[in-house]
Amino acid sequence: MEKKDSFLKGALILAAAGFVVKVLGAMYRIPLARLIKDEGMGLYQMAYPIYLILLSISTAGLPTAISKMVSEDVTLGRFKNAYRIFIVSMAVLAGVGICLTLILAFGAEWLAVEVYKNPKAFYPIISIAPAIFFVSIMSCFRGFFQGLQDMTPSAISQIVEQIGRVVAVFILADLLLPYGVEYAAAGAAFGPVVGAVAGLIVLIMVYYNRKRSLIKKVHLDESGNLEGFAHIINRLFWFAVPITLGGLISPIMSMADAAIVSSRLQDAGFSVKRATELFGQLTGMAVPLINLPVVVTTALSASLVPAISEAVVLKNRSMVAERAETGMRMSVIFGLPSAVGMYVLAKPITVLLYNNAEAGLSLEILSWGVIFLALTQTTTGILQGIGKTMIPVKNMLIGAAIKISINYFLTGIPSINIKGAALGTVVGYLVPSILNYMAVVSWTGLGIDLNYMVFKPAFAAGLMGASVYLAHGKFMAFGITQNKATILAIALGAAIYAVALIAFGGIKKKDLELLPGGQRLVMLLSKFGVFRG
């Protein structure tokens with residue numbers, strides 16, 4: 001129980017930080033969308049996927065590899081080698097980061113003119129380039145601390161990074177807007193640079209604050225088993241390359257969306273400006289909303305890799321299966337109600353946040369991708385933890401190929417237009433989630449209780465959805481404004497889901513005890529006869 005506590009505690013720390021980061025991210029996009037409008041968001045979203053592609057090359061796989069390798073050495077008491085891995089990794093990531101920053105900076109004009117057919121995209125692309133270097137260095141520190149199963153430094157730096165980003169986005173976008181929407185988008189794109197520098201400074205401060213205790217453990221290590229630099233680099237890339245390939249798939253698909261969706265919308269009869277607006281609604285308004293609930297599974301995935309790696313090193317098969325089951329179950333518990341809630345309140349939510357009911361058309365379809373995205377992330381972390389890194393890559397590629405096909409054919413149909421791209425995204429997450437799940441069961445011997453893991457949470461989510469739909473209408477019938485009715489309906493839905501989940505046995509006593517303040521909650525609920533025995 002102690003190890004499971006540690007694993008979930010780390011995940012909860014990252015989840016809490018990730019929730020704050022996602023909320024800030026969603027909040028800044030709301031006034032930003034109103035400030036630079038649909039076209040500005042479209043230009044911003046043209047730069048962002050390219051940045052994510054190059055960022056994934058430097059940060060998607062290597063930090064996870066660092067986390068896994070450090071975790072394995074620490075488990076075996078090899079602190080000296082763990083620290084050496086960190087030093088070598090820092091040099092590797094610094095080199096990769098600066099090279100990719102220069103590639104994006106010098107290729108900005110070609111990407112804007114030749115790929116997007118929109119010269120205005122040059123400005124946000126060139127603005128965001130320096131962030132790659134700073135995030136690369138930052139990710140090395142995060143991978144090292146996560147390998148020590150200390151998630152607090154990563155959590156703090158994430159929050160500081162996002163605050164720095166948000167502040168810079170508003171100041172720069174507002175200052176540059178009078179010069180044109182492309183310059184405002186460029187100002188917003190420079191936000192990640194400021195945020196990355198702020199987050200890196202925090203991690204450096206934490207590192208130097210804890211360096212003495214780290215060095216002490218290194219000096220006390222008498223194992224004498226030190227790897228050569230070349231061997232460490234070889235191990236890093238051997239493990240990191242498959243993860244990096246998997247991490248590249250999503251941003252490459254986003255970049256493909258920017259090119260394919262906009263082009264196909266124009267083929268369907270929409271103007272360049274209108275196509276950019278619709279693309280901005282999908283990727284700049286709806287997609288950030290579905291990414292908000294999966295902050296929990298993103299944290300679970302990051303925490304699962306070192307936790308399951310530890311269990312594998314200890315050759316504890318039951319621990320591997322237990323942690324895998326916990327991760328997948330939490331994905332369903334958080335993903336299902338989010339999907340149902342956003343589907344039921346799609347248009348009211350986009351009106352509340354963006355004053356844009358049209359964006360709700362994309363969110364209505366895209367909402368169902370939440371549960372599949374959550375499962376894909378969690379199962380990917382499980383498979384990476386047991387060393388099967390290529391399996392999720394292959395599964396993501398299959399999903400991506402299907403997504404591209406759906407996007408191309410459906411988006412070009414005038415009556416479907418942007419909704420086709422939203423559906424393609426949902427299917428693109430559905431396919432790898434199913435394939436990953438099958439692989440996890442096969443490689444871990446995990447036994448799944450569908451009634452406990454799926455059916456009971458689904459029933460609670462369905463009850464919540466019906467209640468929210470009826471309540472929203474009733475609130476408005478009583479004269480409450482739509483935005484206030486939406487907020488009340490969301491709060492009511494969360495309460496109904498929590499009560500229904502506990503009442504129907506979708507979450508157990510041992511699950512609640514692992515949450516912060518969970519033991520007190522269990523004691524309170526036990527007084528009402530909710531938990532017995």
Side-chain angles (χ1 to χ4, degrees), residues 21 25 44-67 85-112 121-146 153-154 156-169 171-172 185-208 229 232-233 236-237 240-241 243-245 247-248 250-252 254-255 302:
V21 168
Y44 177 75
Q45 289 301 134
M46 287 179 179
Y48 209 70
I50 303 172
Y51 159 71
L52 289 180
I53 289 172
L54 296 181
L55 189 65
S56 293
I57 294 175
S58 63
T59 65
L62 286 169
T64 305
I66 296 167
S67 171
I85 289 170
F86 167 64
I87 298 300
V88 174
S89 301
M90 180 66 71
V92 171
L93 277 165
V96 172
I98 192 66
C99 288
L100 294 178
T101 291
L102 293 174
I103 288 173
L104 181 55
F106 286 109
E109 185 174 1
W110 177 82
L111 288 165
F122 166 78
Y123 301 99
I125 292 173
I126 194 76
S127 295
I128 206 170
I132 298 173
F133 171 73
F134 295 110
V135 175
S136 297
I137 301 297
M138 184 166 51
S139 67
C140 183
F141 281 103
R142 287 176 177 171
F144 178 60
F145 284 121
Q146 288 174 13
S154 294
I156 295 172
S157 69
Q158 285 178 19
I159 295 173
V160 172
E161 179 190 1
Q162 187 68 303
I163 291 173
R165 178 201 302 242
V166 171
V167 172
V169 162
I171 293 175
L172 295 173
F190 195 74
V193 180
V194 177
V197 172
L200 178 58
I201 290 173
V202 169
L203 285 170
I204 291 174
M205 292 172 62
V206 172
Y207 169 73
Y208 278 103
F229 292 165
I232 290 174
I233 293 173
L236 275 172
F237 281 98
V241 167
I243 300 174
T244 299
L245 292 174
L248 281 170
S250 180
I252 286 176
S254 296
M255 184 177 176

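Between Val194 and Val167, the closest side-chain pair of non-hydrogen atoms is not below 4.5 Å. With a 4.5 Å cut-off on side-chain heavy atoms, Val206 and Phe145 count as touching. At least one side-chain heavy atom of Leu200 sits under 4.5 Å from a side-chain heavy atom of Phe141. Side-chain contact between Ile163 and Val160 is absent, with no heavy atoms from C-beta onward closer than 4.5 Å.
Taking all atoms of both residues into account, the shortest heavy-atom contact from Leu172 to Phe190 is CD1-CD2, 3.6 Å. In terms of heavy-atom proximity, Ala185 sits nearest to Pro124 at O-CB, 3.9 Å. Here the shortest heavy-atom pairing between Ile125 and Ala108 reads CG2-CB, 3.6 Å. Residues Val193 and Ala131 approach most closely at CG2-N, 3.6 Å, considering heavy atoms. Counting all heavy atoms, side chain and backbone alike, Arg142 lies closest to Glu161 at NH2-OE1, 2.9 Å. In terms of heavy atoms, Ala129 sits closest to Leu104 at CA-CD2, 3.7 Å.
The structure places CZ of Phe106 at 11.5 Å from OG1 of Thr101, a figure rounded to the nearest 0.5 Å. Between atom CD1 of residue Ile98 and atom CD1 of residue Ile103 there is a gap of 11.0 Å, rounded to the nearest 0.5 Å. The CD1 atom of Ile137 sits 4.5 Å away from atom CZ of Phe133, with the distance rounded to the nearest 0.5 Å. One finds the CZ atom of Phe134 at 13.5 Å from the OG atom of Ser139 (value rounded to the nearest 0.5 Å). Here the OH atom belonging to Tyr208 is positioned 12.5 Å from the CG atom belonging to Leu203, to the nearest 0.5 angstrom.
Of the possible donor and acceptor atoms, none in the side chain of Ser89 sits under 3.5 Å from a partner among the backbone N and O of Ile66.
Below 30°, between 30° and 60°, or above 60°: for Phe86 and Tyr207 the angle between ring planes is between 30° and 60°, a tilted geometry.
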